[in-house]
Amino acid sequence: MNKVHKFQALDGIRGFAAVMVFFYHYSLEFFDPLSLFSGFYVFRVSYAFVDFFFVLSGFVIAANYLGKVNSFQSFKHFTQKRFIRLYPLLFVTVMAFVCLKLYALYFTDFNFNSEGYSLNTLFLETIEPLTFMNSTPIITSDNGMNPVSWSISAEMIAYVTFALVGLMIPNKTWPFIALIGGGVLFMVFNGRYLYTGDFGFVRGGINFSSGVLVYQLYACRSTVGSNIKRLEWWFILLVFSALGLIAFSKNELWNLLLPVMFSFGVYVFAFEKGAVSGFLKRKWMQYLGKISYSFYLNHFIVLWVFHQIVWRVLKLEPSPLLSFLGGGVTLLLVVLVSSFTFKYVELFCSNKLKKRFGF
């Protein structure tokens with residue numbers, strides 16, 4: 001279980017996906033009052049790249065652990081390693097958000113979009129992500145402290161499900177097909193796909209399981225033809241087309257295209273054969289991929305602080321120039337903050353905990 005499979009092109013897409021999620025949140029009226037960014041339909045629906053993270057995670061986890069979590073000891077080691085990977089930065093960003101909300105609650109007139117927001121509400125919002133429950137309705141149906149952290153809950157639940165399947169069921173394919181089928185039926189029955197703080201674990205499970213199946217398909221192909229290079233460009237066209245359909249459709253269930261689309265993309269780019277893969281393997285794209293977890297958990301905090309300073313403290317008048325400058329400045333700040341947390345939270349805590357658990 002020590003050999004790690006690396007896919008550089010997919011790491012590059014991971015960084016790009018994190019930036020796209022940033023622009024999705026920046027395009028919200030809360031941060032972009034002139035709606036300049038939401039006018040571009042790709043930004044308006046780039047929440048979809050969270051689903052890409054799930055598919056990619058399922059693929060990479062299967063590449064490194066499929067068939068290897070087959071005993072209680074290996075189950076224990078796998079879940080410990082996943083916990084070590086996720087929890088330190090999750091804890092730090094949740095606590096940072098707690099501090100910001102306490103400041104807003106007691107020292108500003110900030111509207112929390114919730115009547116009667118109190119310390120009790122704040123306490124529940126804090127407990128949910130720290131117990132990986134904020135993609136389930138067990139405590140509340142809210143996203144929890146740091147709104148993007150619901151997906152980390154869904155990710156951890158997907159990890160545990162993957163390990164339990166490996167531990168209890170010899171077949172490596174049908175359980176994940178069943179998980180996808182059950183999740184899709186749940187969504188179709190309820191007419192909804194964009195679950196987050198209530199049943200986000202279902203959404204995460206569908207995409208993660210899709211990634212596991214994609215890896216099994218990838219592992220069966222010892223060679224591929226030259227056409228795989230062209231498929232990289234076809235995937236890009238598919239992304240723009242599918243996101244356009246989702247953006248302009250009134251039926252939320254069109255989002256069910258996302259697991260299929262991203263599964264295709266992960267499969268194609270896993271071979272790293274085309275010009276787009278070459279671009280994704282450039283150093284700066286690889287660096288974005290490396291710090292993408294920090295980028296993802298930090299970006300909403302930086303955006304929130306930007307909102308407070310620019311619109312509430314300085315009380316600047318919204319303008320197109322300020323919106324575009326704000327986007328560039330906050331993006332750079334997220335990269336800088338994430339470079340710090342990657343080194344001094346992710347790596348530092350990971351090394352300490354690995355020694356503590358004997359890895």
Side-chain angles (χ1 to χ4, degrees), residues 21-22 24-25 28-31 47 50 53 79-80 82-161 192 194-205 293-309 311-313 334 337-338 340-341 344-346 348-350 352-353 356:
V21 175
F22 165 89
Y24 165 68
H25 285 123
L28 299 178
E29 185 179 359
F30 183 75
F31 300 116
Y47 60 77
V50 174
F53 285 136
T79 51
Q80 285 176 336
R82 295 301 92 205
F83 177 85
I84 289 170
R85 175 72 183 93
L86 296 181
Y87 204 75
L89 184 65
L90 175 66
F91 180 83
V92 168
T93 53
V94 165
M95 289 300 105
F97 220 92
V98 168
C99 293
L100 291 175
K101 281 208 167 181
L102 283 172
Y103 165 78
L105 186 62
Y106 287 105
F107 299 102
T108 75
D109 59 351
F110 182 74
N111 177 13
F112 284 89
N113 296 321
S114 174
E115 291 186 11
Y117 191 93
S118 64
L119 280 178
N120 182 61
T121 311
L122 185 140
F123 174 75
L124 291 176
E125 284 187 339
T126 305
I127 291 299
E128 280 197 295
L130 295 183
T131 55
F132 295 113
M133 289 292 105
N134 57 323
S135 66
T136 77
I138 292 176
I139 299 177
T140 75
S141 293
D142 296 327
N143 288 5
M145 197 63 65
N146 193 352
V148 300
S149 67
W150 73 267
S151 61
I152 310 305
S153 162
E155 182 88 354
M156 191 65 193
I157 291 171
Y159 289 155
V160 174
T161 303
R192 185 180 168 204
L194 297 176
Y195 290 103
T196 54
D198 44 8
F199 292 96
F201 73 96
V202 176
R203 177 178 167 188
Y293 181 50
S294 275
F295 189 105
Y296 181 70
L297 281 184
N298 288 331
H299 81 272
F300 203 90
I301 298 172
V302 175
L303 285 174
W304 199 88
V305 173
F306 170 80
H307 173 275
Q308 288 294 311
I309 293 175
W311 307 129
R312 290 180 172 272
V313 177
V334 175
V337 171
S338 300
F340 178 86
T341 58
Y344 293 105
V345 178
E346 288 191 63
F348 178 80
C349 294
S350 175
K352 291 290 185 182
L353 289 171
R356 171 68 179 82

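Just so you know, these numbers use all the heavy atoms, side chains as well, and skip hydrogens, waters and symmetry mates. Here, residue 1 is the first one in the sequence, and each next residue gets the next number.
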Enquirer: Determine, step by step, whether I152 and Y296 satisfy the side chain to side chain contact (heavy atoms under 4.5 Å, CB included) criterion, reporting the C-alpha distance in whole Å, the side-chain angles of both residues, the deciding distance to 0.1 Å, and the verdict.
Expert: CA-CA 10 Å; I152 310 305; Y296 181 70; 4.2 Å; yes
Enquirer: Between L303, L297, V302, which is the residue that forms a side-chain contact (heavy atoms from CB on, under 4.5 Å) with H299?
Expert: L303
Enquirer: Ring centroid separation for Y87 and F83, is it under 6.0 angstrom?
Expert: yes
Enquirer: Grab the two heavy atoms, one from S153 and one from S135, that are nearest each other, plus how far apart they are.
Expert: OG-OG, 2.7 Å
Enquirer: Evaluate side chain to side chain contact (heavy atoms under 4.5 Å, CB included) for Y24 paired with V50, printing each intermediate quantity in order.
Expert: CA-CA 11 Å; Y24 165 68; V50 174; over 6 Å; no
Enquirer: What I'd like to find out is whether the side chain of H25 reaches to under 4.5 Å of the side chain of V148, using heavy atoms alone.
Expert: yes
Enquirer: Got V345 and S294 here, is their nearest side-chain heavy-atom distance under 4.5 Å?
Expert: no
Enquirer: Just how far is it from atom CZ of F132 to atom CD1 of I138, taken to the nearest 0.5 Å?
Expert: 13.5 Å
Enquirer: Could you tell me the separation between the CZ atom of R192 and the CZ atom of F199, rounded to the nearest 0.5 Å?
Expert: 9.0 Å
Enquirer: Starting at OG1 of T93, measure out to CG of N298 and round the result to the nearest 0.5 Å.
Expert: 6.5 Å
Enquirer: Locate the shortest heavy-atom distance separating I127 from T131; write the atom from each residue and the value.
Expert: O-OG1, 2.8 Å
Enquirer: Just so I know, are the side chains of F91 and C349 near enough to count as touching, which here means a heavy-atom distance under 4.5 Å?
Expert: no
Enquirer: Hey, what do you get for OG (S141) to CD (E128), rounding to the nearest 0.5 Å?
Expert: 8.0 Å
Enquirer: For side chain to side chain contact (heavy atoms under 4.5 Å, CB included), just list the numbers for M133 and L124, CA-CA rounded to whole Å, side-chain angles, deciding distance to a tenth of an Å, and then say yes or no.
Expert: CA-CA 11 Å; M133 289 292 105; L124 291 176; over 6 Å; no
Enquirer: Quick check: do I301 and F97 have side-chain heavy atoms less than 4.5 Å from each other?
Expert: yes
Enquirer: Tell me, do N134 and T196 make a side-chain contact under 4.5 Å, heavy atoms counted?
Expert: no
Enquirer: Is any side-chain heavy atom of R203 less than 4.5 Å from a side-chain heavy atom of W150?
Expert: yes
Enquirer: Do T136 and I157 have side chains that approach each other closer than 4.5 Å (heavy atoms only, starting at C-beta)?
Expert: yes
Enquirer: So do the side chains of T140 and E125 get within less than 4.5 Å of each other, counting heavy atoms only?
Expert: no
Enquirer: Could you state the interatomic distance from CG (L86) to OG (S149), rounded to the nearest 0.5 Å?
Expert: 11.5 Å
Enquirer: Which heavy atom in G197 sits nearest to a heavy atom in N143, and how many Å separate them?
Expert: N-OD1, 3.1 Å
Enquirer: Would you mind telling me which of F31, F22, F30 makes a ring-ring contact (aromatic ring centres under 6.0 Å, His included) with F300?
Expert: F31
Enquirer: In Å and rounded to the nearest 0.5 Å, what is the CE to CG distance from M145 to L90?
Expert: 12.0 Å
